[in-house]
Peer 1: 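Could you have a look at this structure, given as structure tokens, before my questions?
Along the sequence shown, the residues carry numbers beginning at 1. Remember, predicted model here, so these are calculated numbers, not experimental data.
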Amino acid sequence: MPPIDGYTHRVPVDRVTHLTLVNHMSPSVGIVARAIALGAAVTNFGACVADTKAASREEGSVQGAAGEPYPQMPAIAPIGERTGKYIDVPASARGPAIDPAKGYRLQDLGSGLYMLTDNAYQSMLLVYDKGVVVIDAPPSYSAHIPQAIAEVTTKPITHVVYSHSHIDHIGGAKGLGGRPIIIAQEETARLLTRAADPNRPLPTVTFADRYTLRVGGQVLELSYHGNAHEPGNIFISAPAQRVLMVVDVVFPGWMPWRRFALAQDIPAYFGQVEEIRKLDWDTLVGGHVARTGTHADVDVQAEFIGDVKQAAATALVSTKPGVTLNPLDSANPWAGFDNYIDRVAGQCVNTLTPKWSTRLAGFDVYVWDQCYAMEQSLRIE
């Protein structure tokens with residue numbers, strides 16, 4: 001099978017040219033309601049007629065093994081199937097290279113504010129007259145934070161701000177040493193108390209909705225906009241530098257991490273993307289990937305997640321329950337739902353592939369995850 005855009009597909013390439021496309025219209029309440037009804041109807045799939053291939057399967061075949069390819073099966077490998085070569089990362093998603101001898105890159109954001117990154121994770125440093133405020137300490141490079149600080153100042157770390165509770169963003173905090181003031185939202189403090197992780201020291205200052213940190217002549221505005229990615233995940237604004245940091249919501253140039261970055265509340269996640277669009281800033285630090293973001297990046301992500309929502313909504317109402325299901329599984333409702341949802345996700349993937357496969361880095365890595373998360377959100381949220 002020949003590769004497309006550097007990606008080795010596991011099914012014939014002509015599947016890509018015969019994708020079933022749908023109009024990109026906003027889903028109505030009626031569409032979602034019908035989607036829910038269709039999902040419930042799967043329990044009655046025993047009356048549905050399976051296709052010829054399914055009906056001809058022998059009872060003696062290996063149970064639980066992969067079945068026959070189905071009509072309009074996406075060329076993008078599904079979750080759990082290893083890929084020989086992923087689609088190349090487009091130039092628009094790349095950032096400046098990391099010096100391998102250092103293991104990090106320090107980017108000047110202006111007026112004493114810096115972004116620190118290993119081109120996978122991002123944190124910030126704010127230098128003021130008496131010290132340094134560290135915003136997040138990802139364990140992937142936290143050991144280099146003192147070295148990075150030494151490039152711009154000899155002042156000590158006096159404050160640490162937690163964007164949220166997740167280990168991959170603050171799990172290096174203890175290693176910073178000293179006794180800095182640690183600031184976090186109340187929900188983050190609650191989650192960290194439950195975790196009892198010595199590598200994530202409990203905050204010494206907490207807040208509910210808003211907190212202004214003034215150190216020397218520097219200002220950080222911290223605000224909580226509710227649970228989307230997880231409870232306690234905050235917006236961090238440096239107004240003088242016109243920089244906004246919101247972690248695990250927008251991924252400049254990239255597909256969001258799987259299942260909308262594991263958002264606990266997908267409708268709220270969509271809402272926070274819109275909030276970020278409306279705020280007044282010039283540079284976005286998203287906590288991940290190789291570069292900072294712009295308003296154009298947020299617009300692209302908003303367009304993409306809107307397309308995912310429409311594609312999943314359309315697939316929910318246009319996919320017939322029970323089709324291609326082996327009649328021998330007619331007494332297994334879990335199998336019926338799986339058959340239906342897999343085909344919903346497959347149609348969603350097919351709809352998104354022509355427009356987005358070369359526009360967002362990592363499209364083929366997580367598009368199935370996004371479609372599964374979206375169809376479930378539409379059905380149950």
Side-chain angles (χ1 to χ4, degrees), residues 5-7 83 85-110 113-126 134-145 147-149 151-152 163-164 166-172 229 233 235-236 238 241-263 273 276-277 281-305 356-367 369-370:
D5 297 325
Y7 172 69
T83 302
K85 171 66 178 73
Y86 291 102
I87 296 174
D88 291 337
V89 174
S92 60
R94 300 172 194 161
I98 296 292
D99 181 348
K102 292 168 61 174
Y104 67 88
R105 176 170 62 85
L106 196 61
Q107 180 174 331
D108 190 345
L109 301 177
L113 184 66
Y114 300 86
M115 182 184 77
L116 183 61
T117 182
D118 60 359
N119 278 3
Y121 284 87
Q122 300 171 347
S123 58
M124 293 200 305
L125 309 173
L126 179 65
V134 174
I135 302 102
D136 279 0
S140 62
Y141 60 76
S142 59
H144 295 307
I145 290 178
Q147 177 185 346
I149 291 174
E151 290 186 26
V152 296
S163 66
H164 64 305
H166 284 165
I167 290 174
D168 62 326
H169 291 279
I170 66 168
H229 174 60
N233 199 37
F235 288 30
I236 303 162
Q241 294 86 356
R242 296 186 58 76
V243 171
L244 177 66
M245 182 176 184
V246 184
V247 175
D248 287 335
V249 176
V250 173
F251 298 75
W254 286 74
M255 163 80 75
W257 183 259
R258 60 171 20 118
R259 307 203 177 209
F260 303 109
L262 303 178
V273 173
I276 293 168
R277 291 180 80 185
W281 49 269
D282 293 333
T283 302
L284 178 71
V285 176
H288 280 289
V289 307
R291 64 173 178 83
T292 56
T294 65
H295 276 281
D297 289 315
V298 183
D299 290 343
V300 168
Q301 179 152 329
E303 181 183 358
F304 170 71
I305 64 177
W356 291 104
S357 60
T358 58
R359 287 186 66 186
L360 289 178
F363 172 86
D364 53 331
V365 181
Y366 289 138
V367 65
D369 279 283
Q370 316 301 14

Peer 1: What closest approach, in Å, do Pro138 and Ser123 show between heavy atoms, and which atom pair accounts for it?
Peer 2: CD-CB, 3.9 Å
Peer 1: If I compare all heavy atoms of Met245 with all of Ile135, which pair ends up nearest, and what's the gap?
Peer 2: SD-CG2, 3.5 Å
Peer 1: What are the two closest heavy atoms between Val247 and Asn233, and how far apart are they?
Peer 2: O-ND2, 2.9 Å
Peer 1: Does Val365 reach the side chain of Thr83, with side-chain heavy atoms less than 4.5 Å apart?
Peer 2: no
Peer 1: Looking only at heavy atoms, what is the nearest atom pair of Trp281 and Gly293, with distance?
Peer 2: CZ3-O, 3.9 Å
Peer 1: Evaluate the side-chain proximity of Asp108 to Val152: yes if any heavy-atom separation is below 4.5 Å, no if none is.
Peer 2: no
Peer 1: Determine the interplanar angle of the His144 and Tyr104 rings, folded into 0 to 90°, and report it as parallel if under 30°, tilted if 30 to 60°, perpendicular if over 60°.
Peer 2: tilted
Peer 1: Compare all side-chain heavy atoms of Ile145 with those of Leu125 and state whether any distance is below 4.5 angstrom.
Peer 2: yes
Peer 1: Among all residues two or more places apart in sequence or in another chain, which pass the ring pair (Phe, Tyr, Trp, His ring centres under 6.0 Å) test with Tyr141?
Peer 2: none
Peer 1: Looking at OH of Tyr86 and CG of Asp88, how far apart are the two atoms once the value is rounded to the nearest 0.5 Å?
Peer 2: 13.5 Å
Peer 1: Report yes if the side chains of Ile276 and Phe235 come closer than 4.5 Å at any heavy-atom pair, otherwise no.
Peer 2: yes
Peer 1: Would a 4.5 Å heavy-atom cut-off, applied to side chains only, mark Asp248 and His169 as touching?
Peer 2: yes
Peer 1: How many angstroms lie between atom CD of Gln241 and atom CG of Asp282, to the nearest 0.5 angstrom?
Peer 2: 11.0 Å
Peer 1: Assess whether atom CH2 of Trp257 is packed by more than 12 heavy atoms of other residues, nucleotides or ligands within 6.0 Å.
Peer 2: no
Peer 1: Any sub-3.5 Å donor-acceptor pair from Gln301's side-chain atoms to Pro256's backbone N or O?
Peer 2: no
Peer 1: Please give me the minimum heavy-atom distance between Pro96 and Ala290, naming the atom from each residue.
Peer 2: CD-O, 4.1 Å
Peer 1: Do His229 side-chain atoms and Ala261 backbone N/O form a donor-acceptor pair below 3.5 Å?
Peer 2: yes
Peer 1: If I take atom OG1 from residue Thr292 and atom CG from residue Leu284, how far apart are they, to the nearest 0.5 angstrom?
Peer 2: 8.0 Å
Peer 1: Ignoring hydrogens, what is the shortest heavy-atom contact between Ala361 and Ala93? Give both atom names and the distance.
Peer 2: CB-CB, 3.6 Å
Peer 1: When rounded to the nearest 0.5 angstrom, what distance separates CZ in Arg94 from CG in Asn119?
Peer 2: 12.0 Å
Peer 1: Any chance you could measure Asp99, atom CG, to Leu106, atom CG, to the nearest 0.5 Å?
Peer 2: 12.0 Å
Peer 1: Starting at OG of Ser163, measure out to CD of Gln122 and round the result to the nearest 0.5 Å.
Peer 2: 11.5 Å
Peer 1: Report yes if some heavy atom in the side chain of His288 is under 4.5 Å from a heavy atom in the side chain of Tyr121; otherwise report no.
Peer 2: yes
Peer 1: Evaluate the side-chain proximity of Met255 to Trp356: yes if any heavy-atom separation is below 4.5 Å, no if none is.
Peer 2: no
Peer 1: Measure the shortest side-chain to side-chain distance between Val89 and Trp254 over non-hydrogen atoms and say whether it is less than 4.5 angstrom.
Peer 2: yes
Peer 1: Using the side chain to side chain contact (heavy atoms under 4.5 Å, CB included) definition, which of the options Asp168, Thr117, Asp118 pairs with Ser140?
Peer 2: Asp118
Peer 1: Taking side-chain contact (heavy atoms from CB on, under 4.5 Å) as the test, write out the residues that go with Asp297, two or more places apart.
Peer 2: Pro252, Arg291, Thr294
